[in-house]
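Inspection log for the structure reproduced underneath, given as C-alpha cells.
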Amino acid sequence: MHQDYNNFAYENEEDDGWVSRSSRKRHSRSLREIGKQVVALAESEFEKIPFGDHDSLREACFYARKMKPRSEELRREYLHIEALMRGLDDDEVSAISSALEAVKSKCVTGNAAFHKLEELRERLIREGMPEINRLIGEHPEYDRQKLRALTDKARKELESPDGERRFYRELFKYLRDQGAA
C-alpha cells in the first residue's frame with residue numbers, strides 16, 4: 001500500500017490546519033525580507049510605516065538601522081524582527097507591506113519625474129529655440145525670455161572648462177518649479 005505523501009499533506013492541510021515546514025519557512029523568509037526593507041528605509045519613510053501598538057517591533061527596526069551592515073549582529077537582529085513579525089496577525093503584516101509598497105512606488109514615480117526633467121533640460125540646451133518654442137506651446141505659463149536666458153547661460157557653462165554649473169542647476173529648478181514634467 002503506497003501513499004502519495006504530497007497529496008496526503010494537502011488533504012491534511014485542508015482538514016486540520018496542518019502547514020508544511022517549507023511553507024512555514026517561506027512565510028518566515030518573506031517576513032524577514034519585509035523587515036529588511038523597513039530597516040533600509042530613510043528616516044522620513046520609516047515614520048510612515050504603521051507599527052500600531054507594537055513598539056517592540058518599531059524599536060527592533062530602529063535599533064537595526066544603527067548596526068554595521070553585513071554584520072553578524074545585524075543578521076541576528078533581522079531574525080529577531082522576523083520573530084516579532086510572526087506575532088502579528090495577517091492584517092497588521094499586510095498593512096506594513098502595503099505601506100512599504102506605497103513608499104516604494106512614490107520613490108519610483110519621483111525618480112521618473114526627476115529623470116524626465118533632466119532629459120527636458122538636456123534637450124533645451126542641445127536644441128535651443130525650437131525646443132523652447134515647443135515647450136512654450138505645451139506650457140504657456142513659462143516665461144520665454146527667462147527660459148531662453150537660462151538655456152543660453154547653461155549651454156555656455158557646459159562649454160567652458162572651469163566647470164561652473166550655476167545656470168545649469170537654475171534651469172533645472174525653474175523647470176521643476178513650473179511643473180513641466
Side-chain angles (χ1 to χ4, degrees), residues 1-124 135 138-139 165 168-169 171-173 175-181:
M1 185 165 132
H2 174 35
Q3 279 187 317
D4 186 6
Y5 289 104
N6 290 335
N7 289 338
F8 180 74
Y10 289 120
E11 289 172 10
N12 283 346
E13 189 172 348
E14 293 170 3
D15 293 344
D16 61 1
W18 182 80
V19 180
S20 71
R21 184 175 177 189
S22 349
S23 176
R24 286 185 303 205
K25 284 184 174 184
R26 279 191 297 274
H27 180 67
S28 292
R29 270 190 231 112
S30 70
L31 291 177
R32 189 178 329 137
E33 188 58 35
I34 290 171
K36 286 180 178 183
Q37 292 173 4
V38 168
V39 169
L41 293 175
E43 184 68 33
S44 62
E45 296 165 341
F46 182 77
E47 295 301 323
K48 295 177 184 174
I49 301 297
F51 291 105
D53 296 336
H54 304 284
D55 289 333
S56 58
L57 178 60
R58 178 190 307 271
E59 289 172 11
C61 289
F62 190 71
Y63 181 66
R65 295 166 58 98
K66 297 179 181 180
M67 291 182 180
K68 184 186 274 189
R70 294 184 302 277
S71 66
E72 179 63 19
E73 183 183 26
L74 182 60
R75 185 190 70 78
R76 286 192 309 267
E77 191 63 26
Y78 283 143
L79 292 174
H80 177 65
I81 290 169
E82 171 193 329
L84 290 171
M85 289 186 73
R86 270 189 260 128
L88 303 177
D89 63 9
D90 290 338
D91 293 336
E92 292 170 325
V93 172
S94 66
I96 291 173
S97 183
S98 297
L100 196 58
E101 290 301 317
V103 166
K104 285 182 184 178
S105 67
K106 185 177 179 183
C107 290
V108 169
T109 56
N111 288 342
F114 181 82
H115 291 301
K116 191 174 177 183
L117 283 174
E118 283 183 329
E119 290 172 8
L120 177 60
R121 174 181 60 186
E122 296 302 321
R123 275 197 322 268
L124 285 169
L135 184 62
E138 291 176 8
H139 300 277
R165 303 283 173 137
Y168 188 74
R169 288 189 302 273
L171 177 59
F172 182 84
K173 288 177 188 174
L175 293 171
R176 183 191 63 207
D177 294 343
Q178 294 296 322

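It should be emphasised that the depicted structure is a prediction, and the values quoted were computed from it without experimental measurement.
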pair K68-L74: side-chain heavy atoms closer than 4.5 Å: no
Grab the two heavy atoms, one from R65 and one from A42, that are nearest each other, plus how far apart they are. NH2-C, 3.8 Å
Testing the 3.5 Å rule here: is there a donor-acceptor pair between the side chains of H139 and Q178? no
Tightest non-hydrogen contact, residues V38 and C61, listed as CG1-SG, 4.0 Å
E33 and R29 ion-paired at < 4.0 Å: no
For F172, I'd like to know if atom CZ has over 12 heavy atoms of other residues, nucleotides or ligands within 6.0 Å. yes
Determine whether more than 12 heavy atoms belonging to other residues, nucleotides or ligands lie under 6.0 Å from atom CG of N111. yes
Restricting to non-hydrogen atoms, name the atom on I96 and the atom on P50 that form the minimum distance, rounded to 0.1 Å. CG1-O, 3.5 Å
Counting heavy atoms not belonging to D90, are there more than 12 under 6.0 Å from its CG? no
Is there a salt bridge (charged side-chain N to carboxylate O under 4.0 Å, His left out) between E72 and R75? Walk through the geometry before answering. CA-CA 5 Å; E72 179 63 19; R75 185 190 70 78; 2.6 Å; yes
Roughly how far apart are K25 NZ and S23 OG, rounded to 0.5 Å? 12.0 Å
Under a 4.0 Å threshold between the charged nitrogen and the carboxylate oxygen, would R76 count as salt-bridged to E73? no
NZ-CD distance between K104 and Q37, expressed to the nearest 0.5 angstrom: 3.0 Å
Heavy-atom closest pair (D55 atom, G52 atom, distance to 0.1 Å) is OD1-O, 4.5 Å
Nearest-0.5 Å distance, NZ of residue K173 to CG of residue L117: 13.5 Å
Hey, what do you get for CG (L79) to CZ (R32), rounding to the nearest 0.5 Å? 5.0 Å
Atom pair CG (L175) and CD (E119), whose distance is rounded to the nearest 0.5 Å: 12.5 Å
Y168 and R121: CA distance, side-chain angles, deciding distance, side chain to side chain contact (heavy atoms under 4.5 Å, CB included) verdict: CA-CA 8 Å; Y168 188 74; R121 174 181 60 186; 3.3 Å; yes
E82 versus S28, closest heavy-atom pair with distance: OE2-CB, 3.0 Å
Check the pair R58, E47 against side chain to side chain contact (heavy atoms under 4.5 Å, CB included), reporting the backbone distance first and the verdict last. CA-CA 10 Å; R58 178 190 307 271; E47 295 301 323; 4.3 Å; yes
If only atom types and distance count, is the side chain of R86 paired as donor or acceptor with the main-chain N or O of H27 below 3.5 Å? no
Derivation of the side chain to side chain contact (heavy atoms under 4.5 Å, CB included) call for L31 and L88: CA-CA 10 Å; L31 291 177; L88 303 177; over 6 Å; no
Applying side chain to side chain contact (heavy atoms under 4.5 Å, CB included), run through H54 and L84 and close with a yes or a no. CA-CA 9 Å; H54 304 284; L84 290 171; over 6 Å; no
Got a second to check how far E59's CD is from F51's CZ, nearest 0.5 Å? 10.5 Å
